[in-house]
Amino acid sequence: MTPRGNINLAQRPPGFIFRKSRNGVLSRSANLVLHCEHIPLTRIAERYGTPLYVYSASAIRERLAAYTAAFRNVSHTVCYSVKANSNLSILRLLAREGCGFDVVSGGELQRVLTADRRAAKKVVFSGVGKTRAEMTVALKAGILLFNVESESELWALAECAAQLRTTARVALRVNPDVAANTHPYISTGLRKHKFGVPMRESRALYAKASVARSLEVAGVSVHIGSQIKEMPPFDETMSRVADLVRQLREDGHNIEYVDAGGGLGIDYEKPNLAEFANYVSKYAAAVMNPLRGLKVHLLLEPGRSIVGPAGALITRVIYKKSNEGKRFLVVDAAMNDLIRPSLYDAYHQIVPVIQSGGASTGKEKFDVVGPICESGDFLAHDRELPTVEEGDLLAILDAGAYGMALASNYNTRPRAAEVLVSGKTAKAIRKRERVADLMRGEL
Ligand SMILES: *Cc1c(COP(=O)(O)O)cnc(C)c1O
């Protein structure tokens, strides 16, 4: 099918595709309905209600496969960053594909272990504030690597491991002091950020760590931020890491692993999915070139770039209103469901689920807003949309990463349901919350 006009931009194959609807409800042949794989989103919304997160299993698999292909020439493990989307079914799907995991809390570790107990040996544990209790659970589970971010944490880990009469494999997360040209809230690789150990101080810390009998110095780790779309920051970071690995080996350390972190961005405004494999190859070159000849096992921690375009948030228009000429679409999804626009002023494409090809298709500009009592509750500002009526369904695209994972219950709004589509089957992977669920635990 050849899509017309702006429809082209709204396709996210193999996940989200406009197709002619088969059922008679939309008999006008000009109507195209957004499908997730082979299921019309109209049908999924009817069955599970809105607001609703819908994910494509094929899209997730395909994007993970692009990573595996791009790094096929080096020894590596993809450790999906759980915080991007931590639904158990998505973790299970990834584990089945052989994926490892990057966790940043005991809770995330517990999710991975619940999804697939055997995945523990492919888990790396990152984060500046790991507690002793979290470390102990991770040690018992037998995870692959701790990315340690301070000297205090190092001694806490050494103590926990000694108590369990085991050894903890550690990498220091170094702060390379490289600017990442991304939103300040998701940039992490500068000296002023709370993350990591300054590169210059890291050698001394490695020396201290190597003396502790319950620690096994095994790697170097970095992560410079998120939603980074240019390659030079990755290249520069890995060059610094490569230098450090050489120094550390000269110092007598056995550096087996380099953890390159995550952070590869996606294009929210003009996605070009056909190019993803090519784009990951460029990223792979930026990461691998500086490490050439070092013979390390590479760890990668992508989150957003695996699940972002594989998910959409489906919402229904409750009201259309106009305040002195300013037009609003009040929809049933809000900042508690998808906070990225409010928090980062992020852009998400929004398309009507049914594209009517009729002559009436005008363009109007709207603010797309939710029902929450905050002016910061918006999904889009001044967005040009085809004629939309009350009751219509909209799809907010590229919402698979940092969407549901950041959802809250603000305004006592139960969190959305989630559905995973694979081919012709759709499965609820999270029930819609009820208000009773929200009040449980309160007195
Ligand atoms: C958030 C995070 C990631 C994933 O970042 P993406 O931008 O989603 O790829 C990877 N590693 C660490 C340590 C993180 O904090």
Side-chain angles (χ1 to χ4, degrees), residues 60 63-64 66-67 70-71 76-86 90-91 94 99-105 107-109 112 122-130 134 138 143-150 153 170-176 178 180-190 193-197 219-231 233-234 237-238 241 257-268 276 279-280 283-284 286-287 298-311 340 343-344 346 398-406:
I60 295 172
R63 299 178 77 80
L64 175 63
Y67 267 93
F71 287 91
H76 76 276
T77 306
V78 177
C79 296
Y80 165 73
S81 176
V82 172
K83 75 175 193 282
N85 187 321
S86 55
I90 287 175
L91 301 183
L94 287 164
C99 198
F101 299 94
D102 167 47
V103 301
V104 293
S105 72
E108 286 188 354
L109 174 60
V112 170
K122 289 186 183 176
V123 166
V124 297
F125 194 169
S126 307
V128 290
K130 302 175 199 77
E134 289 175 317
I143 68 163
L144 176 64
L145 190 66
F146 288 85
N147 289 330
V148 171
E149 304 213 15
S150 66
E153 182 192 339
V170 300
L172 291 186
R173 173 168 172 184
V174 294
N175 187 325
V178 167
N181 187 24
T182 183
H183 192 282
Y185 293 1
I186 50 176
S187 172
T188 59
L190 284 175
H193 296 130
K194 69 179 176 184
F195 298 99
V197 175
V220 176
S221 162
V222 281
H223 172 71
I224 55 172
S226 196
Q227 185 53 9
I228 301 162
K229 292 193 288 182
E230 295 154 354
M231 302 310 152
F234 292 118
T237 298
M238 296 319 287
V241 168
Y257 299 96
V258 164
D259 183 340
L264 186 63
I266 60 174
D267 198 334
Y268 286 95
F276 185 64
Y279 176 59
V280 180
Y283 168 72
V287 170
L298 186 60
L299 302 171
L300 302 156
E301 303 173 346
R304 186 193 311 271
S305 53
I306 299 279
V307 290
R340 299 190 67 260
L343 188 59
Y344 312 123
D398 303 310
Y402 306 107
M404 189 61 175
L406 277 159

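Just so you know, ligand 1 is whichever comes first in the structure, and atom 1 is the first atom listed for that ligand.
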A.B. asks: Heavy-atom contacts with Ser126 under 4.0 Å: which atoms of ligand 1 show up? List them by number with element.
C.D. replies: 13 (C)
A.B. asks: Who's closest to atom 6 (P) of ligand 1 heavy-atom-wise, of Ser81, Gly263, Ser305?
C.D. replies: Gly263
A.B. asks: Among protein heavy atoms, which sits nearest to atom 10 (C) of ligand 1, and what does the distance come to when rounded to 0.1 Å?
C.D. replies: Glu301 O, 3.2 Å
A.B. asks: Please list the nearest protein heavy atom to atom 7 (O) of ligand 1 with its residue and the distance rounded to 0.1 Å.
C.D. replies: Ser226 OG, 2.3 Å
A.B. asks: I'd like to check whether Arg173 has a polar contact with ligand 1, where a contact means an N/O of the residue lying under 3.5 Å from an N/O of the ligand.
C.D. replies: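 N/O-N/O distance under 3.5 Å: no.
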A.B. asks: Side-chain donor-acceptor pair under 3.5 Å between Arg63 and Ser305, yes or no?
C.D. replies: no
A.B. asks: What are the atoms of ligand 1, with element, lying closer than 4.0 Å to any heavy atom of Pro302?
C.D. replies: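 Numbered from 1, ligand 1 contributes 9 (O).
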A.B. asks: Just one of Asp102, Val112, Leu91 clears the side chain to side chain contact (heavy atoms under 4.5 Å, CB included) bar with Tyr80, so which one?
C.D. replies: Leu91
A.B. asks: Taking 4.0 angstrom as the limit and counting only heavy atoms of Tyr402, give me the atoms of ligand 1 inside it, by number and element.
C.D. replies: 1 (C), 4 (C), 5 (O), 6 (P), 8 (O)
A.B. asks: Kindly confirm or rule out a cation-pi arrangement of Arg173 over Phe146, judged by NZ or CZ under 6.0 Å from the six-membered ring centre and within 45° of its axis?
C.D. replies: no
A.B. asks: Under 4.0 Å from ligand 1, counting heavy atoms only, is it the side chain of Asp102, its backbone, both or neither?
C.D. replies: side chain
A.B. asks: Run the numbers for me: atoms of ligand 1, each under 4.0 Å from some heavy atom of Arg304, listed by number.
C.D. replies: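 Per the distance check, 6 (P), 8 (O), 9 (O).
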A.B. asks: State the CD-CG distance between Glu301 and Asp259, to the nearest 0.5 angstrom.
C.D. replies: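 It comes to 3.5 Å.
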A.B. asks: Under 4.0 Å, counting heavy atoms only: does Phe195 come that close to any atom of ligand 1?
C.D. replies: no
A.B. asks: Which atoms form the tightest heavy-atom contact between Ser81 and Gly303, and what is the distance?
C.D. replies: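 Heavy atoms of Ser81 and Gly303 come nearest at CB-CA, 3.9 Å.
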A.B. asks: Check for me whether Lys130 meets the cation-pi criterion with Phe125, that is, NZ or CZ under 6.0 Å from the six-membered ring centre and within 45 degrees of the ring axis.
C.D. replies: yes
A.B. asks: A side-chain contact here means heavy atoms from C-beta on lying under 4.5 Å apart; do Val148 and Leu172 qualify?
C.D. replies: yes
A.B. asks: Taking all non-hydrogen atoms of both residues, which atom of Lys83 and which atom of Ala405 are closest, and how far apart?
C.D. replies: O-CB, 3.2 Å
A.B. asks: Atom 1 (C) of ligand 1: which protein heavy atom is closest, and how many Å away?
C.D. replies: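 Minimum-distance protein heavy atom for atom 1 (C) of ligand 1 reads Lys83 NZ, 1.2 Å.
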A.B. asks: Give the numbers and elements of all ligand 1 atoms closer than 4.0 Å to a heavy atom of Gly303.
C.D. replies: 6 (P), 8 (O), 9 (O)
A.B. asks: Regarding ligand 1, does Ala84 bring an N or O atom to under 3.5 Å of one of the ligand's N or O atoms?
C.D. replies: no
A.B. asks: Under a 4.5 Å cut-off applied to non-hydrogen side-chain atoms, are Thr77 and Tyr257 in contact?
C.D. replies: no
